[in-house]
Number of protein chains: 2
Amino acid sequence: MTKTGNEDSIRVAVSAVTLTLRRESEEESPHIVLPLVRRTREPHLGDWALPGGWLDAQEGLEEAASRTLAETTGLAPSYLEQLYAFGAVDRSPTRTISVVYWALLPSDAVDRQIAAYRAAGHAPENVQWFEVADLPPLAFDHAQIIHYALWRLRNKVGYSRVAHGFLPPEFTLAELRDAYEAILQRRLDPANFRRQVEASGTLIPTDRFRTGSHRPARLYRYNTDVELADRGPLAPEETRTP
Amino acid sequence: MTKTGNEDSIRVAVSAVTLTLRRESEEESPHIVLPLVRRTREPHLGDWALPGGWLDAQEGLEEAASRTLAETTGLAPSYLEQLYAFGAVDRSPTRTISVVYWALLPSDAVDRQIAAYRAAGHAPENVQWFEVADLPPLAFDHAQIIHYALWRLRNKVGYSRVAHGFLPPEFTLAELRDAYEAILQRRLDPANFRRQVEASGTLIPTDRFRTGSHRPARLYRYNTDVELADRGPLAPEETRTP
DNA sequence: TCAAAAGTGTTTAAAGTACACCCATGA
DNA sequence: TCATGGGTGTACTTTAAACACTTTTGA
């Protein structure tokens with residue numbers, strides 16, 4: 001077993017792929033968007049990168065991902081899960097291990113958090129939101145990372161209720177279906193979709209209705225007895241005693 | 001964004017949960033076993049730990065996992081996948097990020113590799129194999145890690161052909177079923193199991209038969225057109241250009 | 001009253017489960 | 001010849017998919 005290597009020159013960074021839904025107009029279906037940060041120094045100066053930063057010695061990985069995301073964008077996601085640890089030798093000129101997280105956020109929470117962030121005096125002029133289908137030139141291996149995050153999301157939506165991470169506490173079945181359709185990139189039958197989610201026991205009907213145009217739709221909320229996503233024997237917070 | 005932290009005092013380690021099947025006798029069904037290393041120094045002196053070591057600055061993560069596993073046990077797995085990056089502050093007295101991999105190996109390959117390892121002059125006296133159902137006192141958070149690896153294996157066996165990682169190139173359907181039963185911890189109907197794997201298109205029948213007792217069983221081999229496990233948009237080797 | 005989305009019912013296909021039964025071999 | 005696992009057939013249950021149909025609202 002190698003006890004000493006050049007491990008002193010290896011640095012640990014964290015990044016986050018933070019996804020939310022944005023609806024351009026009332027008519028069309030929503031798209032998945034994420035915030036990127038324009039790099040202000042080499043390497044990859046001018047390219048766009050995932051929000052992140054260096055891991056601090058006094059904090060856990062998930063903690064660091066939350067902190068750096070909040071520092072650069074002002075966002076605090078409702079769902080955060082580790083994606084992968086990237087550590088290819090040539091992924092950066094300085095040897096860097098990036099532990100990447102992926103996060104989901106309801107669009108109304110994004111608006112509120114960004115407003116609060118600006119009100120607190122921050123002007124994130126190097127942060128911009130992009131549709132995942134139309135990404136700018138990306139720094140490092142971040143394009144690969146984003147595609148992997150989207151793959152995980154598409155995968156996980158099939159066997160857990162992660163899609164709810166995109167929605168506010170109360171929502172209609174059409175809004176939930178819109179989220180699924182944006183994730184899976186295909187249309188779902190409204191009738192069958194209704195029956196499936198009703199049978200899954202993850203939803204609780206409320207007495208309230210969304211009264212836009214046409215027939216009012218019942219509002220539902222999460223059944224908090226059901227986990228947002230199955231993470232197996234790992235606790236939601238990894239900072240628990242071994 | 002925090003540009004400088006105490007990142008110099010953070011070290012990166014790699015470990016591997018290496019699983020194989022061991023059949024105690026011809027009669028009973030096989031069990032999942034893994035190699036552990038007895039710690040010869042503090043912390044956790046005398047406890048058992050996953051094989052691993054420090055990440056070298058010149059190697060990728062997967063590369064380091066293979067190297068340290070080979071150095072401590074002489075094993076070279078047929079399947080290797082990243083499990084998780086563990087980084088809780090209190091998981092070790094010195095701040096350590098452990099990038100853990102999980103690996104599968106056919107039992108006949110284990111025997112061959114260990115024989116070759118001993119023939120090359122190595123005497124791994126601190127390495128011992130344990131059934132996953134009967135683990136000794138483990139160092140750090142390694143018990144949690146092993147249970148997570150087993151959960152991933154059980155999960156993945158449902159939608160990919162990872163179970164083949166336990167088997168030699170040619171095998172009978174009963175041997176494949178034994179692997180599934182050991183992983184899932186429940187009996188499977190032989191008739192339905194046969195039809196399911198035949199329909200999946202992952203197996204190619206050979207002209208050879210296993211002629212033990214009773215009626216000879218046809219030998220099958222992998223259809224190499226099908227991936228061993230779905231890893232999404234990530235290449236099998238993470239060391240590819242961004 | 002009409003367009004459009006909410007919500008219900010029904011039919012068909014596919015996939016999974018249970019289990020009876022025949023086949024081929026070594027002892 | 002018989003016990004045993006290899007291998008096939010079939011009926012039944014559950015799940016998913018397709019789509020016709022009714023209900024309720026705003027304009």
Side-chain angles (χ1 to χ4, degrees), chain A residues 23 25-30 154-155 157-161 163 167 170-221, chain B residues 21 23-30 154-161 163 167-168 170-221:
Chain A
R23 148 169 277 127
S25 69
E26 202 61 41
E27 310 308 317
E28 62 184 310
S29 48
R154 274 194 288 273
N155 210 266
V157 83
Y159 61 89
S160 81
R161 35 160 283 219
L167 297 179
E170 294 197 340
F171 50 87
T172 67
L173 288 180
E175 289 164 350
L176 180 59
R177 180 162 42 84
D178 277 348
Y180 272 82
E181 290 182 347
I183 294 168
L184 297 173
Q185 293 278 56
R186 61 186 174 90
R187 314 298 308 211
L188 298 174
D189 184 300
N192 295 330
F193 181 80
R194 164 183 297 273
R195 268 183 297 255
Q196 282 172 17
V197 298
E198 277 176 347
S200 74
T202 57
L203 291 193
I204 294 174
T206 71
D207 294 336
R208 311 197 329 117
F209 290 81
R210 172 93 72 233
T211 168
S213 58
H214 314 306
R215 176 172 173 176
R218 183 180 294 276
L219 289 172
Y220 291 79
R221 56 186 174 80
Chain B
L21 288 184
R23 147 169 279 127
E24 292 301 333
S25 70
E26 201 62 39
E27 311 308 319
E28 63 183 310
S29 47
R154 274 194 288 273
N155 210 266
K156 204 145 194 168
V157 83
Y159 62 89
S160 80
R161 34 160 284 220
L167 298 179
E170 294 196 341
F171 50 87
T172 67
L173 287 180
E175 290 164 351
L176 181 59
R177 181 162 43 82
D178 277 347
Y180 272 82
E181 290 181 347
I183 294 167
L184 296 173
Q185 294 277 56
R186 61 187 175 90
R187 316 296 309 206
L188 299 173
D189 184 302
N192 295 330
F193 181 81
R194 163 183 298 273
R195 269 184 296 256
Q196 281 172 18
V197 300
E198 277 178 347
S200 73
T202 57
L203 291 194
I204 295 174
T206 70
D207 294 336
R208 313 198 328 115
F209 290 82
R210 172 95 70 235
T211 167
S213 59
H214 314 305
R215 175 174 174 175
R218 182 180 294 276
L219 290 171
Y220 291 79
R221 55 185 173 80

Student: For DNA chain C, whose closest nucleotide is more 5', that of A:H214 or that of A:L173?
Tutor: A:H214

Student: Which ones in residues 184-191 of chain B lie close to DNA chain C, meaning a heavy atom under 4.0 Å from one of its atoms?
Tutor: B:D189, B:A191

Student: Under the 3.5 angstrom rule, does the side chain of A:Q196 hit a backbone N or O of A:F193 as a donor-acceptor pair?
Tutor: no

Student: Which heavy atom of A:L188 sits nearest a heavy atom of A:R177, and at what distance?
Tutor: O-CD, 3.8 Å

Student: Between B:E170 and B:R208, is there a side-chain N and carboxylate O pair less than 4.0 Å apart?
Tutor: yes

Student: Looking across every strand, which nucleic acid part, if any, lies under 4.0 Å from B:R195 by heavy atom: base, sugar-phosphate, or nothing?
Tutor: base

Student: Might you point out which heavy atoms bring A:Y180 and A:S160 nearest each other, and give the distance in Å?
Tutor: OH-O, 4.0 Å

Student: Looking only at non-hydrogen atoms, find the nearest pair between B:V157 and B:R154 and report the distance.
Tutor: CG1-O, 3.2 Å

Student: Walk along DNA chain D from 5' to 3' and tell me the first and last nucleotide with an atom closer than 4.0 Å to a non-hydrogen atom of chain A.
Tutor: D:dA17 to D:dG26

Student: Hey, are B:R194 and B:D189 close enough for a salt bridge, meaning a charged N less than 4.0 Å from a carboxylate O?
Tutor: no

Student: Which pair of heavy atoms, one from A:A182 and one from A:P30, lies closest together, and at what distance?
Tutor: CB-O, 3.7 Å

Student: Identify, between A:N192 and B:Y220, the residue whose nearest nucleotide on DNA chain D lies closer to the 5' end.
Tutor: B:Y220

Student: If you assign A:E198 and A:S213 each to the DNA chain C nucleotide with the nearest heavy atom, which residue ends up on the more 5' nucleotide?
Tutor: A:S213

Student: Taking for each residue the nucleotide of DNA chain D bearing the nearest heavy atom, is the 5' side occupied by B:F209 or by A:T211?
Tutor: B:F209

Student: For a 4.0 angstrom threshold against heavy atoms of chain B, report the outermost contacting nucleotides of DNA chain C in 5' to 3' order.
Tutor: C:dT17 to C:dG26

Student: Base, sugar-phosphate or nothing for A:R177? Non-hydrogen atoms, less than 4.0 Å.
Tutor: sugar-phosphate

Student: Check step by step if side chain to side chain contact (heavy atoms under 4.5 Å, CB included) holds for B:L203 and B:L173.
Tutor: CA-CA 10 Å; B:L203 291 194; B:L173 287 180; 3.6 Å; yes

Student: If we ignore hydrogens and angles and just use 3.5 Å, is the side chain of B:R218 paired with the main-chain N or O of B:T206 as donor and acceptor?
Tutor: yes

Student: Work out which heavy atom in A:T211 is nearest to a heavy atom in A:P216; give both atom names and the distance.
Tutor: CA-CB, 4.4 Å

Student: In terms of side-chain geometry, is the basic nitrogen of A:R187 or A:E181 positioned less than 4.0 Å from the acidic oxygen of its partner?
Tutor: yes

